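These figures come from a predicted structure and were not determined experimentally. In each ligand, atom 1 is the first atom listed, and ligand 1 is the first ligand listed.
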Amino acid sequence: MTDIASSTPENSMASAPALTIEHLSAGYRNRPIIKNLSLMPMQEGQVVSLIGPNAAGKSTLLRAIAGLLPATGSVRLGDVEILGLPLVDQARHITYTPQELPQQIALTVLETVMGALQVSRENRQDVDAAMQKAIDVLERLGISHLAMEQLDRLSGGQRQLTSLAQTLVREPKVLLLDEPISALDLHYQLRVMKEVREIAAEKRMIVLVVLHDLSIAARWSDRIVVLANGAVVAEGTPQQAITPEVLSDVYQVKARVESCSQGSFTVMVDDVV
Ligand SMILES: Nc1ncnc2c1ncn2[C@@H]1O[C@H](COP(=O)(O)OP(=O)(O)O)[C@@H](O)[C@H]1O
Ligand SMILES: [Mg+2]
């Protein structure tokens with residue numbers, strides 16, 4: 001077993017710790033949802049989008065990977081088996097941002113994001129460093145003007161951005177995002193996808209993100225996983241995974257997949273099947 005935290009840059013270059021998911025099964029009491037699921041290994045710096053219809057099991061899969069649900073099979077980061085580790089150890093490598101918007105609590109945005117770093121309040125230097133990190137993330141997401149606002153006075157979209165900032169500031173090795181842009185306007189949808197991609201590349205994170213907008217997923221992901229009924233229906237580059245056949249099978253829609261005038265991949269849905 002290799003300790004990820006203590007591996008040197010040289011040997012991590014030699015074997016960059018990919019996230020490997022094999023034969024994963026998970027679900028709820030008497031209700032299997034994810035059944036024997038395996039994915040292509042996810043490499044550092046990669047953004048992989050998980051798409052699929054309502055109730056396909058996307059959130060269940062993310063929760064299982066994060067260790068928040070009982071699961072069998074294997075979730076490895078490099079050589080380290082993550083599944084079954086105590087939650088605190090698991091949480092050091094993997095963070096999960098749920099689909100639900102954060103609770104309406106009477107903390108400021110800045111306090112909430114700093115809180116995610118769990119620094120001791122005794123150490124002034126640590127507190128200053130945490131504050132600087134939190135402010136940096138808020139600036140990247142374009143919400144530093146909200147730093148002193150209370151969470152319970154924000155709009156849904158602003159709370160969603162705060163929740164994302166809270167996750168990003170921890171710089172996890174593996175970032176699991178469940179519909180992070182569902183409440184955001186056009187500007188912030190684009191901004192979040194752009195920043196997540198850049199941060200993933202900079203910090204060598206592995207990002208698995210649930211999205212509903214297929215054109216956004218195609219534009220910002222290295223790879224797409226299409227999930228239906230708890231199983232992988234298609235996996236590959238956006239061009240490989242998002243095809244009219246797959247969309248018809250999975251969403252029961254008649255769709256076209258085309259290049260727009262600037263060459264971006266776009267999905268147009270014409271009818272229900
Ligand atoms: N806490 C739970 N207890 C029992 N069943 C659940 C629970 N959460 C989700 N499910 C069921 O698991 C299936 C997959 O749900 P989910 O993973 O949330 O789907 P998705 O995120 O793809 O919309 C659904 O049929 C849902 O009803
Ligand atoms: Mg979900």
Next item on the list: Look at the side-chain heavy atoms of Ile, Leu, Val, Met, Phe, Trp and Tyr, link any pair under 4.5 Å apart, and say whether Val109 and Met148 land in one connected group.
Entry: yes
Next item on the list: Please report how many protein N/O/S atoms lie under 2.8 Å from the Mg ion (ligand 2).
Entry: 2
Next item on the list: Looking only at protein heavy atoms, identify the closest one to atom 10 (N) of ligand 1 and say how far it is in Å.
Entry: Tyr28 CE1, 3.3 Å
Note to self: Are any of the N/O atoms on Gln99, whether in the backbone or the side chain, positioned under 3.5 angstrom from an N/O atom of ligand 1?
What the structure shows: no
Checklist line | Contacting atoms of ligand 1, where contact means under 4.0 angstrom from a heavy atom of Asn54 | finding: 23 (O)
Item checked: Leu24 and its side chain to side chain contact (heavy atoms under 4.5 Å, CB included) partner, picked from Leu39, Asn36, Leu83 -> Leu83
Next item on the list: Starting from atom 18 (O) of ligand 1, locate the nearest protein heavy atom and write down its residue, its atom name and how far away it is, to 0.1 Å.
Entry: Ser59 CB, 3.7 Å
Notebook entry, point to check: Among protein heavy atoms, which lies nearest atom 25 (O) of ligand 1, and at what distance?
Noted result: Arg31 NH2, 2.9 Å
Notebook entry, point to check: Gly52: heavy atom below 4.0 Å from ligand 1, yes or no?
Noted result: no
Check: Any idea which atoms of ligand 1 are less than 4.0 Å away from a heavy-atom of Ile33?
Finding: 12 (O), 13 (C), 14 (C)
Checklist line | Modelled atom types, side-chain donor and acceptor of Gln99 and Ser59, under 3.5 Å | finding: yes
Notebook entry, point to check: When clusters are formed by joining ILVMFWY residues with side-chain heavy atoms under 4.5 Å apart, either directly or through shared neighbours, do Val169 and Leu151 land in the same one?
Noted result: yes
Item checked: Enclosure of Gln125 CD (heavy-atom neighbours >12, cutoff 6.0 Å) -> no
Item checked: Atom NZ of Lys194: over 12 foreign heavy atoms under 6.0 Å -> no
Check: Looking at atom 14 (C) of ligand 1, what's its closest protein heavy atom, distance included?
Finding: Ala55 O, 3.6 Å
Note to self: Check Lys58 with Glu179, please: is the shortest side-chain N to carboxylate O separation under 4.0 Å?
What the structure shows: no
Check: Which of the atoms of ligand 1 are close to Thr60, meaning less than 4.0 Å from one of its heavy atoms?
Finding: 14 (C), 15 (O), 16 (P), 17 (O)
Check: Is the side chain of Glu195 donor-acceptor paired with the backbone N or O of Val192 at a distance under 3.5 Å, no angle test?
Finding: no
Margin query: Before you tell me yes or no, could you show the steps for Asp136 and Lys133 under salt bridge (charged side-chain N to carboxylate O under 4.0 Å, His left out), namely the whole-Å CA-CA distance, both residues' side-chain angles and the distance that decides it to 0.1 Å?
Written below: CA-CA 5 Å; Asp136 288 347; Lys133 255 183 144 168; over 6 Å; no
Checklist line | Under 3.5 Å donor-acceptor, Arg223 side chain and Met40 backbone | finding: yes
